[in-house]
Amino acid sequence: MSALVQALDKLKNMGVRMTPQRHAILSYLLNTMSHPTADDIYKALSPQFPSMSVATVYNNLKVFMESGLVREMTYGDHSSRFDADLSDHYHALCEECGKLVDFAYKPLDELEQAAGEMTGFRVKSHRVEVYGTCSDCMSKTT
Ligand code: ZN
Ligand code: MN
C-alpha cells in the first residue's frame with residue numbers, strides 16, 4: 001500500500017472529509033523531499049487550484065497534523081516547514097538557501113533512554129538538527 005493510500009485510509013477512518021484540494025496538498029507533501037512551507041505548497045498548487053488561499057493550505061496542514069500524518073518544524077521567526085515522512089530521522093538545515101536535508105544516525109536512537117536515565121525524566125521526544133552550509137551553496141561561494 002502506498003503512503004498516500006495509507007494516509008487517505010487513516011483520514012477516512014478518522015472521519016475527515018476529503019476534498020480535491022486536501023488530496024492535492026497531501027500528495028504534494030508525500031511526494032516532496034523539500035520540507036516545504038505552507039507558502040511553498042500554496043505556490044506549487046495554485047495553478048491547479050486558482051481559488052485556493054494560503055489559509056486553506058494552513059487549515060489542511062492543521063488537519064494533517066491533528067491526524068498524525070505530518071510533522072511541523074518551527075524555526076523561530078521563520079515559516080514552519082512540513083514533513084510527511086514520519087520515519088525516525090533528523091535534519092540538516094542550510095543557513096544560506098534554507099534547504100532541509102534528511103539524515104539518520106543510529107547512536108541517537110539511544111539518546112532518549114540515556115537522557116531519561118540521567119535526568120529521571122520520562123522522555124517523550126527529542127529534536128536534533130544540524131546547521132551549516134549545503135554542498136550546492138559551498139560550490140557557489142568558492
Ligand atoms: Zn544551501
Ligand atoms: Mn525530513
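All values below were derived from every heavy atom in this structure, side-chain atoms included, with hydrogens, water molecules and symmetry-related copies excluded. Numbering of ligands and ligand atoms starts at 1, following listing order.
- The angle that H91 NE2 and D102 OD1 make at the Mn ion (ligand 2), rounded to 10°, works out to 90°.
- The Mn ion (ligand 2) lies under 2.8 Å from an N, O or S atom belonging to D83.
- Surrounding CZ of F121 are at most 12 heavy atoms belonging to other residues, nucleotides or ligands under 6.0 Å away.
- For the pair SG of C94 and SG of C134, the angle whose vertex sits at the Zn ion (ligand 1) is 110° to 10 degrees.
- Rounded to 10 degrees, the SG-metal-SG angle spanning C97 and C137 at the Zn ion (ligand 1) equals 110°.
- Taking the ring centre of Y75 as origin, the terminal cationic atom of R127 falls inside the region bounded by 6.0 Å and 45° from the ring axis.
- Ring pair Y90/H126 is tilted by interplanar angle, where 30° to 60° counts as tilted.
- Rounded to the nearest 10 degrees, the angle NE2 (H35) to the Mn ion (ligand 2) to NE2 (H89) equals 170°.
- If you check the side chains of D85 and H35, you find no donor sitting under 3.5 Å from an acceptor.
- Using a 3.5 Å distance cut-off with no hydrogens or angles, the side chains of D83 and H91 do pair a donor with an acceptor.
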